[in-house]
Amino acid sequence: MPNQSPFDTTQNIFQNRDVLDVDDYQPEQLIERDEQIDEYASALEPILNGWKPNNIFVYGKTGTGKTATTHYMLNWLRHDIQEQSSAVEGSDKKDSNTTSSTNLEVVYLNCEALTSSYQVAVELLNDLRDEAHQVATRGHAPNDIYNWLFEEIDNRNGVVLVVLDEVDHIGDDDTILYQLARARSTNNLKNSNLGVMGISNDFSFREDLSPKVRDSLCEKEILFPAYNATELTEILKRRAEKALYDDAYDLGVLNSSAAYAAKDKGSARQAIDILRNAGDLAQKKDLDTITPDLVKEAKGIVERGRVSEMIGGLSPHGKYALHGLAIASKNNETPIRTKELYDYYRIVCQREQTDTLSVRALRDHLAELDLIGIAKEDQRNAGRGGGKYKQFDLDVKVDAVIEAFKSDTDVHHSMDNSF
DNA sequence: GATCCACAGGAAATAGTGGCTT
DNA sequence: AAGCCACTATTTCCTGTGGATC
């Protein structure tokens with residue numbers, strides 16, 4: 001093969017790009033989260049004695065280290081239990097009654113796609129059961145599911161720790177939490193101890209729980225505040241040391257990446273994403289260093305990516321509502337109140353040749369847009385004669401929205417011919 | 001301090017999908 | 001096949017609400 005390979009593997013920027021992969025890379029050291037680790041430790045410690053741990057409720061926005069810290073703690077927990085059991089085996093095998101080790105089963109479940117208590121219960125049950133005894137996601141009586149679930153847990157003869165990430169997706173039916181949190185007192189469990197950890201990025205979720213559930217689920221609460229720019233810089237330093245070549249970046253680059261993210265959501269994910277993208281840009285342009293300009297460009301890329309992702313998760317009418325809002329924004333008519341936005345929405349529906357939904361339905365879609373953070377709502381009250389109403393505006397750049405709609409299959413008419 | 005506006009948003013009903021048990 | 005069940009997206013109906021104005 002005389003020709004040169006089309007692959008260019010020379011690296012000026014990254015010594016290990018994977019370190020900047022937010023989803024896959026688990027740092028072995030967590031920084032800026034000592035307080036939370038201590039609180040976790042004290043709540044989980046009883047497990048090492050085979051006792052019931054405190055139920056824990058964890059909350060904080062995305063990218064504040066909830067999931068990373070949780071996995072970090074679970075790894076330590078498994079590690080310590082493992083050591084315990086090998087210590088027992090090493091000692092007197094016959095007399096294991098007194099020093100027996102603890103059986104621990106951790107069930108980690110991300111509830112992102114699960115919208116009801118029922119679905120969570122089925123999912124948990126299937127996680128505990130083997131391949132041959134899986135149950136279907138519909139068609140069973142709820143009580144059967146719960147009974148089977150407790151049967152499985154009780155069979156474990158040890159401690160079962162159920163971790164429910166993104167619990168707020170369950171919605172307002174908290175039966176599963178109620179069942180799990182109170183399993184002990186209702187005598188459903190005789191041989192096992194059950195601990196529940198709920199992780200949520202919605203602060204209000206805790207308030208919406210029924211009082212009984214709140215008391216038992218929130219025995220221990222751990223709050224993950226957003227990172228400030230200084231903390232983000234520290235985090236980036238750690239990552240950059242491993243991910244990048246020393247002379248490929250300077251402190252200024254880390255500072256500005258951190259600053260952009262801190263100003264927006266205070267999310268470590270975002271800061272790391274910006275840095276990685278800046279590195280990719282430098283690589284593509286065959287540069288030896290990451291420049292401030294590239295960081296700025298990377299910030300734009302990350303924001304556009306976020307917007308596309310959010311739009312991708314919307315239902316068709318959610319998209320039409322957003323499209324209407326974007327047109328209004330282009331027309332400099334935002335913030336716009338619901339009633340007027342309805343007109344824009346109707347136009348979008350006409351052009352997409354779909355039926356227009358009621359105002360009530362639009363209100364639900366707009367609430368959804370606010371929830372995911374692509375739009376922001378603002379309640380106003382003009383008093384007697386004016387009344388109470390809401391105003392909406394985009395919470396991201398209009399151009400990012402327009403860009404994202406160009407590659408969307410549900411919206412066929414781009415904004416370019418929207419006027 | 002009572003009034004009253006323009007909505008917000010809860011509740012129930014409806015319709016359609018799909019899967020269970022017997 | 002009949003009679004269950006869960007879930008989603010929607011409509012219709014209606015009660016609740018906060019503060020500028022009277």
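Convention: sequence-line order gives letters A, B, ...; per-chain numbering from 1. What you see is a predicted model; the values in this text were computed from it and never measured.
For the pair A:Glu340 CD and B:dA8 P, the computed distance is 11 Å after rounding to whole Å. For the pair A:Lys390 NZ and C:dG19 P, the computed distance is 14 Å after rounding to whole Å. Following rounding to the nearest Å, A:Tyr146 (OH) and C:dC5 (P) show an atom-to-atom distance of 15 Å. Atom CG in A:Asp364 sits about 10 Å away from atom C1' in B:dG10, given to the nearest Å. What separates CG of A:Asp355 from C1' of C:dT10 is a distance of 12 Å, to the nearest Å. Taking atom CG of residue A:Leu114 and atom P of nucleotide C:dA6, one finds them 16 Å apart after rounding to whole Å. In this entry the distance linking CG of A:Leu357 with C1' of B:dA15 reads 15 Å, nearest Å. Distance A:Asp144 CG to B:dT21 C1': 10 Å, rounded to the nearest Å.
For A:Arg360, counting side-chain heavy atoms from C-beta on, the closest listed nucleotide (C:dT8, C:dC13, B:dC7) is C:dC13. Closest approach to the A:His365 side chain among B:dT3, C:dC7, C:dT10 is made by C:dT10 (side chain taken as heavy atoms from C-beta onward). Each of C:dG18, C:dC7, B:dC4 was ranked by its minimum atom distance to the side chain of A:Arg384; first place goes to B:dC4. Among the nucleotides C:dT12, B:dA8, C:dC7, the one closest to any side-chain atom of A:Gln379 is B:dA8. Checking B:dA6, C:dC7, C:dT11 against the side-chain heavy atoms of A:Tyr118 singles out C:dC7 as nearest.
Geometrically, A:Arg337 engages A:Tyr389 in a cation-pi contact, judged by NZ or CZ lying under 6.0 Å from the ring centre and within 45° of the ring axis. Cation-pi contact between A:Arg33 and A:Tyr227: present, with separation from the ring centre below 6.0 Å and deviation from the ring axis of at most 45°.
Regarding contacts with the backbone of B:dC7, a side-chain N or O of A:Arg337 is found under 4.0 angstrom from either OP1 or OP2. OP1 or OP2 of C:dT12 has not a single side-chain nitrogen or oxygen of A:Ser358 nearer than 4.0 Å. Taking 4.0 angstrom as the limit, A:Thr115 places a side-chain polar atom (N or O) nearer than this to OP1 or OP2 of C:dT8.
With hydrogens and angles ignored, the 3.5 Å screen pairs no side-chain donor or acceptor of A:Asp18 with any backbone N or O of A:Tyr25.
Within the 4.0 angstrom heavy-atom criterion, base atoms lie near A:Lys388.
Looking at A:Lys390 and A:Glu377, a side-chain N of the basic residue comes within less than 4.0 Å of a carboxylate O on the acidic one, giving a salt bridge.
For an aromatic pair to be called close, the ring centres must be under 6.0 Å apart, and A:Tyr59 with A:Phe57 satisfies this.
Between the side chain of A:Arg363 and the base of B:dG9, at least one donor-acceptor pair of N or O atoms lies under 3.5 Å.
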